[in-house]
Structures are given as C-alpha cells and as structure tokens.
Amino acid sequence: MPLLDKLIWQIEMRMHQPVALTDLSDVCAISPYHMARLFRIAVGIAPITYLRARRLSVAAEDLASGEDILTVALNAQYTSHEAFTRAFSSYFGVLPSSVRKARSTQSLTLMEPLKMQKEMIVDVPAPRMETRNAFRVIGLAEMCSFENNSAIPGLWQKFNAREDEIDNRIDNAAYGVCCDADGQGNFRYVAGVAATIDATKPKGMQDTKIPAGAYAVFTHSGHIADFGKTVYTIWNKSLPEAGLEPRFAPDFEVYDSRFDARTGQGEVEIWIPVKAAT
C-alpha cells in the first residue's frame with residue numbers, strides 16, 4: 001500500500017481515539033519528520049491540521065444527523081462543550097448548534113478523506129544503495145516548516161554569493177540538508193558544501209554533521225519545479241516497493257555538475273537514510 005494511503009487509513013481508523021503523530025509514524029514505519037514532509041508535499045498542510053479538520057468534518061455530519069453536541073464533542077476528542085464550540089466555530093464560521101438545528105452541512109466546506117494523488121506519481125529510477133562515512137556541511141541555514149519553506153530559494157541565492165568563503169571543501173557539489181527535525185514538521189535547512197572537520201566556519205554560517213550510514217540514492221531529472229513530484233513518488237511508491245525502511249537522520253540533496261542552477265534544469269541526487277538490510 002502506498003505510504004500516503006496507509007497514513008490516511010490510520011488517521012481514519014483513529015478518528016474517535018486519542019492519537020499522537022508518533023503513533024502514526026510508528027505504525028507507518030517512518031519518522032515523524034519524514035511523515036510530515038510527505039504529507040506537506042501531498043496535501044499542503046501538516047498531518048495534525050488534517051486530522052483536526054477531518055474530526056471537525058465528521059462532527060459536522062454527526063450534528064446534522066441530530067446527535068447531541070456534547071457526545072459529538074467527546075467523539076471528536078474535545079474535553080468540553082465549550083472547547084469544541086470554539087474550535088468548530090473557528091473552522092467553519094458557524095456554531096455547532098446552528099448545524100444541528102439546520103440538519104444540514106450544505107453550507108459547510110468539509111474536509112473529505114484524502115487519497116493518493118496519482119498525477120503526482122512520476123517515473124523515478126530505482127535507487128542505488130550507498131554506505132557513506134560521516135561528513136560535515138557548512139553553509140547558511142534557516143528554520144523552516146512544511147507549512148512554510150518559502151525561505152529556501154532565497155537562502156540558496158545568499159549562499160551562492162558567499163560560497164567561496166569556505167575552505168577545505170571535499171568536493172565540488174552543493175548540499176541541501178534537512179536536519180534537526182521535530183514531529184511537528186519543523187526543521188533546519190542548510191544550503192552549503194561538504195568540508196573537512198577542521199574547515200573554518202565563516203561568520204554567520206552554520207554547520208551540521210551527517211552521521212555515517214546506509215542511504216538509498218534517488219535521482220531527480222528535469223526541472224527543479226518538478227522536484228516535489230519526485231520526492232512524493234519516492235516516499236509513496238519507490239521506498240515501499242523496494243522494501244526500504246527509513247532511519248532517523250538528515251536527508252540531503254546533492255547538486256553537482258549535472259545540475260544547472262541558472263536554468264533549474266538537470267539532475268539532483270536525493271539521499272534518503274535507510275536502515276541497513278539484515
């Protein structure tokens with residue numbers, strides 16, 4: 001089963017139960033960070049935002065069928081009539097009592113269960129497997145989230161203007177690293193280059209250490225505007241079909257001579273940390 005479909009199924013099955021993001025990520029065998037990343041690419045919102053919207057939408061349908069407000073509130077995992085009313089009114093712009101009285105949800109925009117977006121699935125070559133030693137990336141960094149990562153293109157522009165300040169590089173590629181992630185979809189993005197451990201960190205720059213381990217290396221070909229489709233396909237189709245289980249570590253993109261930053265065309269490698277085969 002594609003990962004997004006599996007995740008949506010788990011959310012639907014737990015609609016009336018307490019659930020944490022770690023519960024969902026554990027059952028889907030994926031880190032909370034990678035789960036939030038996939039969900040943001042696919043849906044445009046965080047998993048917890050979707051769960052809240054689905055619960056309120058189911059609640060609206062229950063109210064329209066005549067169920068009492070407190071029962072609906074408790075089923076939607078709200079601890080009181082008041083808390084539920086605030087959340088419901090904020091989301092839909094009407095009171096729960098109004099929906100119950102009208103016996104209709106026709107005026108509401110409900111969040112329906114999502115399905116995998118087949119138009120997002122593209123051809124992605126099978127990955128090659130690599131074991132890489134630990135290394136260090138130095139560059140400019142920004143805290144981002146999957147709700148808002150608009151700072152990343154500008155971060156690359158700033159870094160490209162200062163790239164020559166870094167000494168003791170170990171290759172000619174540029175690296176985009178997603179690290180220090182939490183289960184809420186927040187992460188630190190580093191636009192930089194790989195450098196030796198003793199390389200000087202220029203003023204205003206940050207670094208991150210990538211631990212040694214196994215990686216599945218995928219290749220995105222074409223324009224960078226379609227990069228999201230490649231990532232979506234990797235997490236939804238390529239990894240599950242290959243029987244690969246991600247491990248919690250930074251994942252990173254590699255921009256080398258095959259990619260033309262001026263046109264946005266070329267090839268970009270996507271290194272996904274995976275658990276080694278046993």
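Every heavy atom of this structure was used, including side-chain atoms; hydrogens, water molecules and symmetry mates were not.
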D26 side chain vs D23 backbone, donor-acceptor pair below 3.5 Å: no
Sequence-distant partners of D260, salt bridge (Lys or Arg N to Asp or Glu O under 4.0 Å), two or more places apart: R262
Criterion salt bridge (Lys or Arg N to Asp or Glu O under 4.0 Å) on K203 and E165, from CA distance to verdict: CA-CA 9 Å; K203 184 178 180 180; E165 296 178 27; over 6 Å; no
Distance under 6.0 Å and angle within 45° of ring axis: R162 vs F159: no
Ring centres under 6.0 angstrom apart (F227, Y232): no
Single-linkage hydrophobic cluster, 4.5 Å side-chain cutoff, V137 and F248 together: no
Carboxylate-amine/guanidinium proximity below 4.0 Å for E130 and R128: yes
Donor-acceptor pair, side chain of R258 and main chain of S221, under 3.5 angstrom: no
Donor-acceptor contact present, side-chain N160 to main-chain W156, <3.5 Å: yes
Under 3.5 Å: donor-acceptor pair, side chain of R100, backbone of L95: no
Plane angle bin for F252 and F135 - parallel if under 30°, tilted between 30 and 60°, otherwise perpendicular: perpendicular
Interatomic distance, R54 atom CZ to M111 atom CE [nearest 0.5 angstrom]: 8.5 Å
Polar side chain donor-acceptor pair, D68 to T71, under 3.5 angstrom: yes
Heavy-atom side-chain proximity of V124 to K229 below 4.5 angstrom: no
side-chain hydrogen bond (donor to acceptor under 3.5 Å, both in side chains) involving H81 - partner list, sequence neighbours excluded: T85
Cation-pi, Y50 ring and R55 (6.0 angstrom, 45 degrees): no
Connected via hydrophobic side-chain network under 4.5 Å: Y189 and I166: yes
Inter-residue atom distance C144.SG - R188.CZ, 0.5 Å rounding: 11.0 Å
Pair I270-D251, side chain to side chain contact (heavy atoms under 4.5 Å, CB included): steps then yes or no: CA-CA 8 Å; I270 304 165; D251 60 86; 5.6 Å; no
Backbone N/O of A214 and side chain of T131: donor-acceptor pair under 3.5 Å: no
Ion pair check, K158 and E163, cut-off under 4.0 Å: no
Backbone N/O of T200 and side chain of D167: donor-acceptor pair under 3.5 Å: yes
For R103, salt bridge (Lys or Arg N to Asp or Glu O under 4.0 Å) partners two or more places apart: none
